[in-house]
Amino acid sequence: MSGSQEWPKAYEASGVEDKIYASWEASGAFNPDTRSGEPYSIMMPPPNVTGVLHLGHSLEQSIMDTMIRFQRMRGKKTLLLPGTDHAAIATQAKVEKMLMAEGMKDPRRELGREKLVERIREFAEESKATIINQIRKMGSSADWSRLAYTFDEDRNRAVRELFVRMYNDGLIYRGYRVVNWSVKGQSTASDDEIEHVERPAKIYTFKYSKDFPITIASTRPETKLGDTAVAVHPKDARYKKLIGQTFTVDVGAAKPLEIKIIADESVDPEFGTGALGVTPAHSAIDFAMFEKQKAKGEPINLIPVIGPDGKMTQEAGSEYAGLSVEQAREKFVAWLKKNDLLEKEEEIVQSVGTSDRYGDVIEAIPMTQWWLDMNKVIPSRGKTLRDLMREAVVGEHVRITPDRFAKLYLDRVENLRDWCLSRQLWWGHRIPVWYRADEMHVGTEAPQGDGWEQDPDTLDTWFSSGSWTFSTLGWPDKTNDLKTFHPTSFMQMGYEILYLWMMRMILMSEYALEQIPFKDVYIHGIVRDEHGKKFSKSSGNGIDPLDVIEKYGTDALRISILSGTTPGNDSRFYMEKVENGRNLVNKIWNISRFIISTIEADPIPAKTQTLADKWVLQRLTELTKFVTEKLDAAQFSSASEELREFTWTILADWYLEIAKVEKGKTEILQKVLDTLLRLWHPFLPFVTEYIWGLSSKEGKLITATWPKVEVDGMSVAKFEALRDMVTEMRRLRAEQGVEAAKKVEFVFTTSDEFANTVVENLEWVKRLSNASAFERVDAITEGWPVTALGHISVGLNLAGAVDLEKEKAKIEKELADLETYIVSTEVKLSNVDFTSKAPEQVVRSMSDKLEEAKAKRDALKKRV
RNA sequence: GGACGUUUAGCUCAGUUGGUUAGAGCGUUCGAUUCACAUUCGAAAGGUCGCAGGUUCGAAUCCUGCAACGUCCACCA
């Protein structure tokens, strides 16, 4: 043994993990450049620079690193490319909040663009270092030499290039349309950045004026100051004759409103009054009608009555201008009442869109912004971006696990509207467009000449993260990395960013490279607390992964967060799971400690393999096959469960105990430990590497090869019969309350020498009969037959302190169960429908079981 | 309003195309006390797989309906 100092009784993770990580990194194992083999790449979803490591990250890192280590050991040229995300809106919102907490009223105005951006940059750089270090603590074998950032120079170049190409293809356009506007954030938001919240509201039913022919309803009456039409269903008999007419009403706006009655299929005649007041400036659907009318050549007006500051505009009328929307609503309703126009006022529950970062209600406001067109045909492809997004998944070029998410994705693709790209934030990629008087320049570089002003807006943060799979590899240059590692092999993400991110990566990659960004997408759920609640600061249920690592070690955290999870489903996390993981790690440690010392003490291998040897090797072979298949399919939980079963039950509880008796196991123990360390490595990289080092193995485990399936097909039934017999004897002892010191006398016969040795060495067994007298159980007169399984028969000596009555009830119940089983199986087997239709194998195994059950029954019968 | 998910042992969850008498970990009960490991060892108890129908020789698994919980989407005027 390599000295007891290095092999303490319990494994101390905290003392060794950092050193091991440093040694991996120094060895160059993370970097694929020195490796050959089939490329295998995973792009790490870049965590936000503002974030600190949480359990969600821990899960993701565990998934990715387990996969990449597995593939590396299989000899692939593996790249796990790490990075961080500047997270435009999230970061700016956070820093602004911090500055305001320090006493600033309006950081943007007080600091100005340059200084505020600088403050955000400082904060981002600091946080970035933190999160990167935390990811290393998870053991991630990422290639840090390729570390990327969504807001660094290389990524900025890719973003500008993409924007310009899309603009030149006519996919990006500048347009005056209704946007989602956050008053608090003073910026647009995309449809995906809106969170719908249910809340109570009032719906008012009214007319614009006494003689207006149609009644309408609204929860936002103040916007009615900007109404320019009333839409009805074209076939609605009540309103049909009014279609095309225009009515002038005075509701107090700056100018009297000209309300045109228009027909629109999307109006539900059954709903409410069957008529809808159209406010093109402050509703996305109404704006769509506005555009439809324009296209038809029957235009309606558009009157913005709410400004970007969230206050009513001049056009809302002198009485309203400058009021908040709430104040304006009150005033307008009062006016309706006064003029006897209000017919109804009802309480309803309404779902309103709020900004997911600033939290305020999103207003629909018309503005000139930059948009990405989902429906425009790309000249060189003859397809739209929507087509490209659809085809990648419909054709299963991108495979999604679990596949139900593919359906959700496709539904979403069909309903995507044009993507509003421009943000009025300062932290982000500046839009590569310059203006001078009436001129506009769109290019990757600033134009020559004086007087050019760059567009002040920045790009939606998802524009840069959408290009992550290839911008990280050097695009737009045709780099070797790009050729080698794109499309990437495996991508994992939480379902909550499926739309936000996956769609955009597919869009960008298909557009820029005519390639899918990844082949396999693994969707995971949310890590929740033990009660199923989301972890959050406000609920005070946070668990810091770093605390867990400090106390239990990274391996324990990794295995506990991966086990008991299924793709796409949420999982619960609590400390008992980690303790369990820690215990497992410690078990592996002690198994290794024992094996190494056994080998040193008893180095001469036995000449022949015993039944137990054949058994453990066969089970090891099966395990290797199983784990390989499961990891291939990203079924981490079931792979690790099987590994645990082998390690703890098969190896530690049975084989090692037998090895103590049989001796001469050097060769087999070495083989088993070696294979087991390799199989565990992707899950438990630290402890396995540490043991590998202590047992003087060649090289590092991280770059060792994955075990191959060697021999297969050895029968394990004989051994397992023996094992069951031992369990049965133990049960009898336990249930009969046999005192610890007291030996119970068993009689057993077997033709197998091995069984003799093992059973005889159970310290509480006293051999009664002559081992050479291989009598059948029913011939053992002095004993009480316990079991007769296969080639082994065992009896218990009645001279011992055994309470027959106590045991009898149990046996009778078991007999009854057996009888039921036998009868039902016999019925099945005599059923021609079954025997003719079921596969032969099923029928055969059933009749085998029947014979076994009968034998067991006969043995049991002798006891009562 | 639409869609999706979950429902299996006291708890947390597996259960791969339908095929033995449905599994694991934790917890519980009983027993062991250090010869690799008490972060341990041995043994046991515990489930009519949410409910009701259907398909099938055979259903936890497929179909229909219902219920509870959860999630997402939506232009409920």
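Each chain gets a letter, A, B and so on, in the order the sequences are listed, and its residues count up from 1.
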Student: OP1 or OP2 of B:A74 versus the side-chain N and O atoms of A:His196: is any pair under 4.0 Å?
Tutor: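 It does, given that an N or O in the side chain of A:His196 lies less than 4.0 Å from OP1 or OP2 of B:A74.
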Student: Looking just at side-chain N and O atoms, do A:Thr219 and A:Gln350 make a donor-acceptor pair shorter than 3.5 Å?
Tutor: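 The criterion, which ignores hydrogens and geometry beyond distance, is satisfied for A:Gln350 and A:Thr219.
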Student: Looking only at side-chain N and O atoms, does A:Thr835 come under 4.0 Å of OP1 or OP2 in B:C57?
Tutor: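 No, A:Thr835 has no side-chain N/O under 4.0 Å of OP1/OP2 on B:C57.
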Student: Below 4.0 angstrom from OP1 or OP2 of B:A36, is there any side-chain N or O of A:Lys660?
Tutor: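 The answer is yes; a side-chain N or O of A:Lys660 sits under 4.0 Å from OP1 or OP2.
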Student: My understanding is that only residues two or more places apart in sequence, or in another chain, count here; which of them pass side-chain contact (heavy atoms from CB on, under 4.5 Å) with A:Glu343?
Tutor: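 If we apply the side-chain contact (heavy atoms from CB on, under 4.5 Å) test to A:Glu343, skipping adjacent residues, the hits are A:Thr205, A:Lys207, A:Thr215.
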Student: Assuming nearest nucleotide by heavy-atom distance, tell me which of A:Arg220 and A:Thr565 is located more 5' along RNA chain B.
Tutor: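 Nearer the 5' end of the strand: A:Thr565.
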Student: When we call it a touch if two heavy atoms are under 4.0 Å apart, what does A:Ala231 touch: a base, just sugar-phosphate, or nothing?
Tutor: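 No contact.
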Student: Does A:Lys9 have a side-chain nitrogen or oxygen under 4.0 Å from the phosphate oxygens OP1 or OP2 of B:C37?
Tutor: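 Checking A:Lys9 against B:C37: at least one side-chain N or O falls below 4.0 Å of OP1 or OP2.
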Student: What pairs with A:Lys224 under salt bridge (Lys or Arg N to Asp or Glu O under 4.0 Å), at least two apart in sequence or on another chain?
Tutor: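 Scan of A:Lys224 (salt bridge (Lys or Arg N to Asp or Glu O under 4.0 Å), adjacent residues dropped) gives A:Asp227.
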Student: Check this for me: does the side-chain of A:Lys587 come within 3.5 Å of the base of B:U39 through a donor and an acceptor?
Tutor: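 In this structure, the two groups form no donor-acceptor pair.
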Student: For the pair A:Trp589 and A:Tyr690, name the ring-plane relationship: parallel under 30°, tilted 30 to 60°, perpendicular over 60°.
Tutor: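 Geometry flag for A:Tyr690 against A:Trp589: parallel rings.
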Student: Of all residues at least two apart in sequence or in a different chain, which pass the side-chain contact (heavy atoms from CB on, under 4.5 Å) check with A:Asp848?
Tutor: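 Per chain and number, A:Asp848 pairs via side-chain contact (heavy atoms from CB on, under 4.5 Å) with A:Arg844.
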Student: Taking a pair as Watson-Crick (N1 to N3 plus N6-O4 or O6-N4) or G-U wobble (N1-O2 and O6-N3), both under 3.5 Å, which stems of 3 or more consecutive pairs involve RNA chain B?
Tutor: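 Runs of three or more consecutive pairs: B:1-7 with B:67-73, B:10-13 with B:23-26, B:28-32 with B:40-44, B:50-54 with B:62-66.
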Student: Quick one: side chain to side chain donor-acceptor pair (under 3.5 Å) partners of A:Lys663, sequence neighbours excluded?
Tutor: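 Checked A:Lys663 against side chain to side chain donor-acceptor pair (under 3.5 Å); zero matches.
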Student: Which part of the nucleic acid, if any, lies within reach of A:Val267 when heavy atoms closer than 4.0 Å are counted: base, sugar-phosphate only, or nothing?
Tutor: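 Base contact.
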Student: When rounded to the nearest Å, what value does the distance between P atoms of B:A9 and B:G50 take?
Tutor: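 So the two P atoms sit 8 Å from each other.
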Student: How far, in whole Å, is B:U64 from B:G18 if one measures between their P atoms?
Tutor: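 These two P atoms come out 16 Å apart once rounded.
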Student: Give every donor-acceptor pair under 3.5 Å between a side-chain atom in residues 550-564 of chain A and any protein atom, sequence neighbours left out.
Tutor:
from     : atom 1 : to       : atom 2 : distance (Å)
A:Tyr552 : OH     : A:Glu579 : OE2    : 3.4
A:Thr554 : OG1    : A:Glu17  : OE1    : 2.8
A:Thr554 : OG1    : A:Lys137 : O      : 2.9
A:Asp555 : OD1    : A:Phe686 : N      : 3.2
A:Asp555 : OD2    : A:Phe686 : N      : 3.4
A:Asp555 : OD2    : A:Val687 : N      : 2.7
A:Arg558 : NE     : A:Phe683 : O      : 3.2
A:Arg558 : NH1    : A:Asp65  : OD2    : 2.8
A:Arg558 : NH1    : A:Met138 : O      : 2.9
A:Arg558 : NH2    : A:Asp65  : OD2    : 3.0
A:Arg558 : NH2    : A:Pro682 : O      : 2.8
A:Ser560 : OG     : A:Ala556 : O      : 2.9
A:Ser560 : OG     : A:Leu557 : O      : 3.0
A:Ser563 : OG     : A:Ile559 : O      : 2.9

Student: By side-chain contact (heavy atoms from CB on, under 4.5 Å), which residues pair with A:Pro567, not counting sequence neighbours?
Tutor: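 side-chain contact (heavy atoms from CB on, under 4.5 Å) list for A:Pro567, sorted by chain: A:Thr401, A:Pro402, A:Tyr522.
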Student: Using atom C1' of each nucleotide, how far apart are B:U61 and B:U8 to the nearest Å?
Tutor: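 Their C1' atoms lie roughly 12 Å apart.
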Student: Which nucleotide in the list B:C37, B:C4, B:C41 gets nearest to the side chain of A:Glu657?
Tutor: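 Selected nucleotide (nearest to the side chain): B:C37.
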Student: According to side-chain contact (heavy atoms from CB on, under 4.5 Å), who are the partners of A:Glu414, at least two apart in sequence or on a separate chain?
Tutor: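 A:Glu414 satisfies side-chain contact (heavy atoms from CB on, under 4.5 Å) with A:Arg386, A:Arg390 once adjacent residues are dropped.
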Student: Summarise protein proximity over nucleotides 18-28 of chain B in one line of letters, 5' to 3': B for base, S for sugar-phosphate only, - for none, counting protein heavy atoms closer than 4.0 Å.
Tutor: -BBB---SS--
Student: Crowded around A:Arg417 CZ? As in, over 12 foreign heavy atoms under 6.0 Å?
Tutor: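 No, CZ of A:Arg417 has 12 or fewer neighbouring heavy atoms, counting only those of other groups under 6.0 Å.
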Student: Say we look at B:G54 and B:A44: how far apart would their P atoms be, to the nearest angstrom?
Tutor: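 My reading of the P atoms in B:G54 and B:A44 gives 39 Å.
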Student: With rounding to whole Å, what would you report as the distance between B:G47 and B:G23 at their C1' atoms?
Tutor: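 These two C1' atoms come out 11 Å apart once rounded.
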Student: Report yes or no: is there a donor-acceptor pair, N or O only, under 3.5 Å between the side chain of A:Arg572 and the base of B:U12?
Tutor: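 Flag unset: no donor-acceptor pair detected.
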Student: From the set B:A43, B:U12, B:C75, return the single nucleotide nearest to any side-chain atom of A:Thr727.
Tutor: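 Side chain of A:Thr727 sits closest to B:A43.
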Student: Classify A:Ala275 by what it touches in the nucleic acid, base, sugar-phosphate, or nothing, heavy-atom distance under 4.0 Å.
Tutor: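 If one applies the 4.0 Å heavy-atom cut-off, A:Ala275 turns out to touch a base.
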Student: Using the P atoms only, state how far B:U16 lies from B:G5, rounded to an integer number of Å.
Tutor: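 So the two P atoms sit 16 Å from each other.
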